[in-house]
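Quick note on labels: first sequence line is chain A, next is B, and so on, each numbered from 1. Note that this is a predicted model, so its numbers are computed, not measured.
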Amino acid sequence: MNGEKALIIHQLHKTYAGDVIALKQVDLEVEKGDFFALLGPNGAGKSTLIGILSSLVNKTSGQVHVFGHDIDKHPAAVRKMIGLVPQEFNFNVFESVANIVMTSAGYHGIKRSVAAERTERYLKLLDLWDKRSAAARTLSGGMKRRLMIARALVHEPGLLILDEPTAGVDIEIRRSMWDFLRKLNEEEGKTIILTTHYLEEAESLCRNVAVINHGEIIEQGSVARLLSRAMTQTFVFDIEQPAKATGHQALGDGIQLKFMDDQLEAEIPTGVPLDSVLDFLRKENIQVNSMRAKSNRLETFFLQLVDQD
Amino acid sequence: MLALNLTAFRTIVRKEIRRFMRIWVQTITPPAINALLYLVIFGGLIGSRISEMGGVSYLTFIMPGIIMMGIIMNSYANVSSSFFSGKFQRSIEEMLVSPVSNLTILLGFITGGVCRGLLVGFIVAVVALGFTQTVPAHPLITLLVATMASVVFSLGGLINAVLARSFDDISIIPNFVLTPLTYLGGIFFSIELLSGFWQAIAKLNPILYMINGFRFGILGSSDIPLLHTFVVLLLFILFLGSIAMRMLSTGKGIKG
Ligand SMILES: Nc1ncnc2c1ncn2[C@@H]1O[C@H](COP(=O)(O)OP(=O)(O)O)[C@@H](O)[C@H]1O
Ligand SMILES: [Mg+2]
């Protein structure tokens, strides 16, 4: 990775007709070669964000750069770089599978002979070659989704965007799609962004994640770091006199202490008992006046995601 | 986004032709049967009791207008239903996410509409040959008027589809505007039959200019100076074309 950004979003804002605010001043960066999840519940603004990236939704304000190209100044260059697999099926169901892929290649300016070769390659890759002459409406749900992936890859974009690719798909198909995407990212270095409301999907597939809720990015970073933060509880102790120690201190078992003037914050991984913190306080002769648990908004958020299913 | 993408243009035209050929029973046969009925009933049965109109037999007189009606209705129907069903099925998004310019999209759909319009016009003309053996007096003018009229109504169909929210919305204009205007546009009569006042009203109808221009191409005579036909056609193409381009560039009806 040379540090070039696949995507830079700056202060992106979207208000739909009827004053529905779907995105609030969103900032987001995705590295080239990354496998990135946009995680959030229904109505969070994921599809709106994807829509703006792929020219299906007009933004209200803000800037978007894809591989260095400004979406306002060079829309055609940006569209060449992006392959979109939308949330809803959006092909002509009366067309044949091969024609749908060929036509999309044609829209991208790819000559017919080249388009025919690539159509064969990608339909085979997605296990749809036998179905090439079938009308799209005769395909199963999983095949339709794969058809949209083949269509999104035919112009060989640097950035593949999938909007809830596995929503409502059964577990087996979901796993095989995961394998396919993982290979595409690892072996071909394709940058992939997917939106999902399954925490598990982000966890098992993606390196980095942005968490979106009510149109705002509330957290972004590596999936591992995010999970550990979500799985941590913070307790605040009000203490009698300032402790001798300052700054941060690790206590083992992943417990982190943070000293402030008359407060001590203890971050404790979910499931680890408080005992060692209490032992520490006793040993250091720190008098505690009161104690409370700090609410963890990531944990609250994830519980909300899980509730949804 | 004014650039013209040739490969993409060809792709759109090919897709449009494939669409109306796939459903040829719905797109090609009804206009041919319609024309046949008009020629049999108005031309053959009733026409034989009418002496002459515009210096030719009644059947011959109405033939160009019957062809033109097929061209107008089918150009309109092709673009309005193709574009609207693209909106409805969201397959229009395939174009919006690709680097195709709006001009290319517009020209692609219009060319598709012209192909269907002219194909239907040709088939109706062949049917008409069974009734009246007329060879176009001015083949190039005939083709030019037909093509330009087809462009006008293809543009109209596209604008209609952009504004439409349901399939009903794309049948309102053909049923309540195009059909009456076509009937009043001098297919079946020469406006010289009308009194001065009604003639002036009839001349407000743009379709009158197209039918008469087309009749001039085929029969060599017209109620309207040929130049007027071309001016009306050109103005409509420019006017509707700029509205359609504007709609595509703002994403009206197709973008969130
Ligand atoms: N075309 C639209 N017009 C008005 N509001 C919309 C439109 N599309 C989405 N919204 C609203 O914007 C918000 C975000 O929606 P969306 O981006 O689809 O979320 P997600 O994909 O995360 O489920 C929701 O409140 C939704 O109702
Ligand atoms: Mg969505």
Undergrad: Given the options B:Ser91, B:Gly108, B:Gly251, which has more heavy-atom pairs under 4.5 Å with chain A than any of the others?
TA: B:Ser91

Undergrad: Which atom names give the shortest non-hydrogen contact between B:Ser98 and A:Arg79, and what distance separates them?
TA: O-CD, 3.0 Å

Undergrad: How about NZ on A:Lys124, more than 12 heavy atoms from neighbouring residues, nucleotides or ligands closer than 6.0 Å, or not?
TA: yes

Undergrad: Which answer fits B:Thr250, side chain, backbone, both or neither, if we ask what part of it has an atom under 4.5 Å from a heavy atom of chain A?
TA: backbone

Undergrad: Quick one: are B:Glu94 and A:Ile100 in side-chain contact, heavy atoms under 4.5 Å?
TA: yes

Undergrad: So for A:Val78, is it side chain, backbone, both, or neither that comes closer than 4.5 Å to the heavy atoms of chain B?
TA: neither

Undergrad: Which heavy atom in B:Leu96 sits nearest to a heavy atom in A:Ser55, and how many Å separate them?
TA: O-CB, 3.6 Å

Undergrad: Of the backbone (N, CA, C, O) and the side chain (C-beta and beyond), which part of A:Ile82 lies under 4.5 Å from a heavy atom of chain B, both, or neither?
TA: neither

Undergrad: Of all of A:Arg151, A:Met102, A:Lys14, which one pairs up most often with chain B through heavy atoms under 4.5 Å apart?
TA: A:Arg151

Undergrad: Check the pair B:Lys15, A:Glu95 against salt bridge (Lys or Arg N to Asp or Glu O under 4.0 Å), reporting the backbone distance first and the verdict last.
TA: CA-CA 9 Å; B:Lys15 170 185 73 86; A:Glu95 281 278 16; over 6 Å; no

Undergrad: Are B:Glu93 and A:Glu88 packed together at the side-chain level, in the sense that at least one heavy-atom pair is separated by less than 4.5 angstrom?
TA: no

Undergrad: Which residue out of A:His155, A:Lys111, A:Arg112, A:Lys80 racks up the most heavy-atom pairs below 4.5 Å with chain B?
TA: A:Arg112

Undergrad: For residues B:Pro99 and A:Ala76, report the shortest heavy-atom separation together with the two atoms involved.
TA: CB-O, 3.8 Å

Undergrad: Select, from A:Val57, A:Ile52, A:Leu56, the one with the greatest count of heavy-atom pairs under 4.5 Å involving chain B.
TA: A:Leu56

Undergrad: Looking at B:Val100 and A:Tyr107, what are the two nearest heavy atoms and their distance?
TA: CG2-O, 3.2 Å

Undergrad: Does any backbone or side-chain atom of B:Arg14 lie under 4.5 Å from a heavy atom of chain A? Answer side chain, backbone, both or neither.
TA: side chain

Undergrad: Which atoms of A:Phe91 come close to chain B, meaning under 4.5 Å heavy atom to heavy atom: side chain ones, backbone ones, both, or neither?
TA: both

Undergrad: Answer with side chain, backbone, both or neither: which region of A:Ser104 has an atom nearer than 4.5 Å to a non-hydrogen atom of chain B?
TA: neither

Undergrad: Testing the basics here: between A:His108 and B:Val97, what is the closest heavy-atom pair and its distance to 0.1 Å?
TA: NE2-O, 4.4 Å

Undergrad: Which atoms of A:Phe89 come close to chain B, meaning under 4.5 Å heavy atom to heavy atom: side chain ones, backbone ones, both, or neither?
TA: backbone

Undergrad: Between B:Arg18 and chain A, with a heavy-atom cut-off of 4.5 Å, which part of the residue counts as in contact: side chain, backbone, both or neither?
TA: side chain

